[in-house]
Each structure stands twice: as C-alpha cells, then as structure tokens.
Amino acid sequence: MPPSPSVHPAQLKMKGLLVFAALLAAAFSRETFVGNQVLRIFVADEASVEKVKELEELQELQLDFWRGPGGQDVPIDVRVPFASLQGVKIFLESSGIRYSILIDDLQALVDEEQTQMIYHHIMSRSLQTFNYASYHTLDEIYNFMDLLVTANPNLVSKIQIGNSYEGRPLYVLKFSTGGTKRPAIWIDTGIHSREWITQASGVWFAKKIVDSYGKDPSLTSILDNLDIFLEIVTNPDGFAFTHTTNRMWRKTRSINSGSACIGVDPNRNWAVGFGGAGASSNPCSETYRGPYANSESEVKAIVDFVKSHGNIKAFISIHSYTQLLMYPYGYTRTRANDYQELDNIAKAAVTALSSLYGTQYRYGSIITTIYQASGGTIDWTYNQGIKYSFTFELRDTGRYGFLLPANQIIPTAEETWLGLMTIMEYTRDHPY
Amino acid sequence: MQRRSAARLGPLLLLFLLPLAWGEGPEPPRAAGELQVSNRLAGQAARVALHYLNYRLGSPSALRALGQVRKATVKTIPEIGHKYYLQFTTEDYKSSQNVGTCLATVFYLKRKPRPAVNINCTYTKDQKQTREDDYSFYKKMRQQTKPITGNDIPDSYGNIEPALEPAWALAVAGSSYLMWEKSTENLGYFMAQVKNVKQWITKDDSIDFDYSVVLHEIPTQEMISCHLRVIWTPGHPLKVKYFCLSENQRSEFGEGSGSESGSTNGIFNEEEANF
C-alpha cells in the first residue's frame, strides 16, 4: 500500500514562486486585494472534498485556489474576493466544513511589500501539511530540514558534518538560542537504516522542538541554556537502500575489500572494545565491526564533531525495536562508574515515557538488558566523558518489529519525547 | 534421588562444571538462582515458551505475545543444561490486550537441539469466539476455487491487508514451530515478515499454505529466510515443514506434526514445580 501523499516541498516552492509572481503582476496591473482573505479549508472526508469542488465550479465567485482540492486530509487554500467571502463562509459552515483564516487582509500584506512574509506563508504551509504520521524518503526528510530552517532561522540551522560512503551529505540540525559552544545534547536517529520508526520520530522531534520553544517552559529553559544537535538520518546510504532495494538493510553501504558482502554495522564501529566479543569480523555479518574503528565515514563524522565540539553533555542514540532504554556498557560486564546515577535517570525516563500510553520499557546497561555488543556508540561517547550517554530501542516488542505501522509513528514519538525530556532536563539541572 | 544429592552439591558442581558446559557463545556463566526480571535471558526464555504454545495451540485467532516477565529463576542441571522457571503475562497477538498469565519451564538442553517446554496458562479471551474466528477463516479458505496469494505482509510501511491477516496469523503459528526449534539460550527469534504466501487447494479437509518468511535473529541481527509449508485443520495440531537459509548460507530443515514432547509429556519427569 503506497504511503499517504505528501506534497513535495520542491513543487510547493515552484507553486509558491508562481503565486507570488501572480500577486506581483496583479499588483502592478493595479488589481486590488482589498478585503480579500485567504482561507484554509480542512477536509476530513471525501464528501467534504466534493463540496469544495462544487465551490470551485462557481466561476462567479472568482475564487483563486492557491492549493486546490486534493485528497482528504490535505488542506485547501483559497483566496476569496471580498464580495464572495460571506457566501463562501456560510456555505462551508452549513456543510460542516472546518476552515481557518490564513491571511485575513491580503491587501495589507501586498501593501507592506512583505514579499518574504507571503513567501513564508506558502513555505510554512508545507511544514504544516507535512505528514508526520507517515514514513518518508531521504529526499523528503532533507527537504523537511530545509523547510524547518527557513521557517525558524533564529532557532534552527543545518550543519553538514561529513559525507556518507556513497557521497550523500550528513546533516545535523542545530537548535540554539545563542551563546558560544554552549553545553549540548546530541540525539541521533536512523543509524541502523531499517529502523524506520527512528528517523520518523527524529522528524517529529525536530518539529516538536520548534513548536515548544517559547511555549513549553521546560524545553524553553533547556534551549536557553544548552544547544540540541539532532542527526535525523545518520545512515543515509542504508536508508536510501531500504527504500529502493531491501527494506531490511541495517548497515552502511561501504564496499568491503576482499568480500562480496557490503556494509559495516555502524554501531560496532566505534573505538571502545573494538575487536572484542560482541561484534563480528565477518563482512557478511549484520554486526560486522569493519576493518578498523571509525572506518565508516558516517561514524567518523560524528567522532570528529564530538571531539571538536568538546562540550557535549548528553548523547542519545536511538534504535528500534524491543522497547528498552540503556546506558553503558555493552562491551563489558564491568559497571560504568556512574552506573547508579544512570540507572536512576533511566528509571525516571522510562516512567515518564510510559505515563502517556502505558508502553512498557525495560532498562539497564546494554550488556545485561539486550546483549553483549562491542564497538558501540554510547560506550565510546561515555568514555569520552559524556556522562549522560543513553540508547533507546523504540516500539514494538516484536509483532511488527522493523515494520511498525505508520499509525504508531506519532504515539511512539510523543511518548519517547517524554523520556528524552527527562534526560535533557536532568542534563540541564546537573551540569558537570 | 540423584536430584537431591545434586541439589546438595549444586554450588560446588557449578564451580567445576559451568566452564565446561558453556564453552561457546558470548555469555559468561552465571550462578543459578533468581534472575532479575529485566534480564534479557528471562524474556528470551519466555518467548521460547510462547513459540511452543502458539505452535501447539495451532489457532491463528488465539496467538499470544509476551507481556511482562513477573518472575524468573534459573537452575543448572549438571551435564544436562539450564532450566528456567518463569511466570509472565501474555497479550493477544493482534489487539495487545492482556489475555492471561503463564507458568512455564524452559529447559535448554546440551544434547537435544530444541528447548523442552512445559507451559500452563490462564486465558481470558472468549474461547468460543476464537474457535469461531478460526473456523470462519478455515471455511473461507476451503471455499476458495482460486488459491489466495500475497506478498510482503506486513509491507514496508507496516500495513497488513485485512483479507490477508488470517493467513499472516497462520504464518505466525507455523513460524512459531520453527522458532521454537531453532531457539537456544543465546539465540532468539522474531517473525519479521511474510515475503510470500501461496495457498494450495486440497482435496482433503485441511487448508494448505506455502510461505516464505523472514525471521529476525537476536543477537546476531541476521534476517533468516525460511520456507514454510503449513497444513491446518482447526482443532488439530498444525503440520509444519520448513527449510531455512541464512545470509551466511547455513541451511536447516525440519518437520513438526504436533507430536513433539513438551507440555504434558515432558522428557524429564519433574516432580518439583517450585518457583
């Protein structure tokens, strides 16, 4: 079954330019938009879509659809001339169709020559209509990132930390309210490409951060004191491969010399416990550690970033599935020095997560909770001195596994966010 | 008699025997006794018990998934293996509703390939309803003149076509046999996807399916492709034949017909049932 349609941001950009040009042309031809409003119509079912199409038929209303009727669940934007406003609103209201006023005085906008403003209205519309409840391709996610940055230039920027094996850019979103190299929190999703719920949650987290700044006191105070770095697609080559060829691909797509098998497990390629039990030396294995630590450019890019930043205080790497929250170590049974503190934080985070929908998580060190794994991400970050190093395994516990239905994306992201907030709040409140 | 003396000498024997018994695998030996319920070995053992239950019940509408492990202990039987004593809750496979609690023993044996399972569960779902659901699927399949087929269930986005859901559930039941057979103390399985299903129209009372399934193996993370033949009549044991090929080209095959030991006629006559 194909994913639900989401408008390609590039198309919207084009349309946006066209509309903008039309407005300018209209302004120059002295067409007036006095009293015009732009309405956003929300159609919840096919019947409503049909009703709006009926409106479209009525030429005398002189309606100008900026974004015409599509499928249900896709908002419709229409410029309504003053003369037709009342009639259209009565029609919509009596048909039980919800709408909002996107622009209540178009002329004012044109007058103020707020060209950027109009452009943003069109652009930010795509953030609003981005479907957070569906799985997206790499291009769609990269475009989403650009939209997010464009719509929130004072809060979000995009950093390229390197390139993947196949030459794809590795992007990290930086959420910051200023300062210079403030203590920071790092979150990554999608290091294992088949774990689609993680990249999808990463997209949701990005939006959640911008929506919450200035509204949620806790997140606001986190961002007033720390920066957040979010790498949504940590393994873009693998991710592209899961879309085009093999949905169950986990590793990178690097070529292994002397072997027909491709790829290295990026969560066995870090320089702690490298070469020990808990990873494979066979290139054909799903847990192949690689020829040497940091052989993978996707891993090296993060290593370089972390080292040069030097002030990361919490590091959270997100996987799926089996519903676990874990802290170091994976490579050894020796307890981490901060074991008790990490265990307490994990317990609190899991309690917060489970408070939303009752989803049960287990928690503990990697080796006791899931299995021995060497060369893992958070073992390395912890040994770098990043005390609050955690890894999540998101929903579910095995029914759907990697193939988690899209209708669980938002609930999963929402509950995970509560766990993340617990860790981030603790990091904010316990500087070191 | 032997057990009692073994119990007395237990701790001593452990010291001598554990390194011998558990030479392979990444797991260092652990002391017998109570396990933390967050321990992954407890969860893994509970899942093995459920694979066995799902296979033996042979009812696509009554499949169960693991809820939470409430209690777990492990005992080392020298020269024989590790025996887990478990108490866990279960959920309906489809709806995730709690459907009861199980008490189980899972005996990982050194010499036999598959774990020996004894399991008893309470069941809170309406059994009449599940029998009816099973029967209506069975009847529908019996009435097919053209064999049903399907691919990628669930698909990449987690969707399962409603018409194919019962066939998927039957695949889970059939795969449960295979996952039980393959499970060891250190290797666990989930059924990741039905790549392909094809029905065989039969002349007898059974319904008959060919499946290609993909299993997810833990902790290796390998995706194992298996071919399953499942023959089913409601109320009768599932007949399962399988052939597996992993990416590393290890191949295994096996056959189950519901007459395997476990549950009521266990290999080891355990009088004790202490938790």
Side-chain angles (χ1 to χ4, degrees), chain A residues 1-4 134-135 192 194 196-197 200 242-243 246-251 261 265 267-268 276-280 282 284-288 321-322 324 326 333 358-374 396-409, chain B residues 25-28 30 35-44 47 50 63 65-69 89 91-96 98 152-161 168 172 179 186-195 214-225 246-249:
Chain A
M1 209 163 95
S4 40
S134 82
Y135 291 109
H192 285 143
R194 62 190 180 196
W196 277 17
I197 184 59
T242 59
H243 279 274
N246 180 354
R247 175 63 177 82
M248 298 298 187
W249 190 262
R250 166 185 168 90
K251 301 188 285 182
C261 292
D265 185 343
N267 198 24
R268 299 291 186 280
S280 172
N282 179 354
C284 298
S285 164
E286 294 281 23
T287 55
Y288 175 50
Y321 55 97
T322 59
L324 305 171
M326 298 174 286
R333 286 195 170 266
T359 306
Q360 298 295 317
Y361 266 59
R362 292 185 295 117
Y363 64 94
S365 69
I366 295 170
I367 197 169
T368 59
T369 311
I370 192 169
Y371 43 65
Q372 184 177 29
S374 62
D396 62 10
T397 53
R399 271 172 199 78
Y400 290 95
F402 300 122
L403 308 178
L404 196 70
N407 63 13
Q408 290 197 45
I409 294 174
Chain B
E27 278 296 309
R30 101 255 347 100
L35 281 179
Q36 258 196 298
V37 295
S38 70
N39 190 292
R40 62 134 180 142
L41 294 171
Q44 198 148 291
R47 262 194 297 273
L50 279 178
L63 289 170
L66 180 62
Q68 283 168 276
V69 177
T89 63
E91 299 175 348
D92 180 70
Y93 204 84
K94 269 169 266 181
S95 72
S96 301
N98 188 297
D152 287 350
I153 312 162
D155 67 14
S156 289
Y157 308 94
N159 298 310
I160 297 179
E161 245 177 277
W168 171 75
V172 174
M179 294 190 285
N186 293 306
L187 275 179
Y189 296 89
F190 297 92
M191 198 197 83
Q193 192 181 37
V194 173
K195 289 300 284 179
V214 179
L215 302 186
H216 179 208
E217 184 180 79
I218 303 279
T220 63
Q221 295 291 341
E222 300 296 329
M223 305 308 288
I224 317 269
S225 295
S246 81
E247 299 253 320
N248 290 322
Q249 304 305 310

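This one's a predicted model, so the numbers in the text were calculated from it and none came from an experiment. Every chain is numbered from 1 and lettered A, B, ... according to where its sequence line falls, protein lines coming before strand lines.
Residues Arg194(A) and Met223(B) form a side-chain contact, since some pair of their non-hydrogen atoms from C-beta on lies under 4.5 Å apart. By the 4.5 Å heavy-atom criterion applied to side chains, Ser134(A) and Tyr157(B) are not counted as neighbours.
Contact annotation for Leu63(B): neither backbone nor side-chain heavy atoms come within less than 4.5 Å of a heavy atom of chain A. Residue Tyr321(A) touches chain B through its side chain alone, counting heavy-atom pairs closer than 4.5 Å. Residue Arg250(A) touches chain B through its side chain alone, counting heavy-atom pairs closer than 4.5 Å. Using a 4.5 Å cut-off between heavy atoms, Thr322(A) contacts chain B through its side chain alone, with no backbone atom that close. For a residue to count as touching a neighbouring chain, one of its non-hydrogen atoms must lie under 4.5 Å from one of that chain's; by this rule Gln68(B) touches chain A with the side chain only. Proximity to chain A (any heavy atom under 4.5 Å) is restricted, for Thr220(B), to the backbone atoms N, CA, C and O.
For Gly158(B) against Pro405(A), the heavy-atom pair with the smallest separation is O-CG, 3.5 Å.
Here the straight-line distance linking atom OH of Tyr371(A) with atom CG of Leu41(B) works out to 13.5 Å at 0.5 Å rounding. Here the straight-line distance linking atom CG of Leu403(A) with atom CD1 of Ile153(B) works out to 11.5 Å at 0.5 Å rounding. Put simply, CD on Gln360(A) and CG on Leu66(B) are 11.5 Å apart, with the number rounded to the nearest 0.5 Å.
Between Phe402(A) and His216(B), the two ring planes are tilted [angle within 30° to 60°].
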**OP:** Apply the test side-chain contact (heavy atoms from CB on, under 4.5 Å) to residues Arg247(A) and Gln193(B): give CA-CA distance (whole Å), side-chain angles for both, the deciding distance (0.1 Å), then the verdict.
**Re:** CA-CA 11 Å; Arg247(A) 175 63 177 82; Gln193(B) 192 181 37; 5.6 Å; no
Original post:
Can you list the steps and then say if Gln221(B) with Arg268(A) is a side-chain hydrogen bond (donor to acceptor under 3.5 Å, both in side chains)?
Top reply: CA-CA 12 Å; Gln221(B) 295 291 341; Arg268(A) 299 291 186 280; over 6 Å; no
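For the set Pro154(B), Ala65(B), Gly67(B), Ser156(B), the entry with the most heavy-atom pairs within less than 4.5 Å of chain A is Ser156(B). The residue among Ile370(A), Asp265(A), Leu324(A) with the most heavy atom pairs within less than 4.5 Å of chain B is Ile370(A).
Using a distance-only test at 3.5 Å, with no hydrogens or angles considered, a donor-acceptor pair links the side chain of Glu222(B) to the main chain of Glu286(A).
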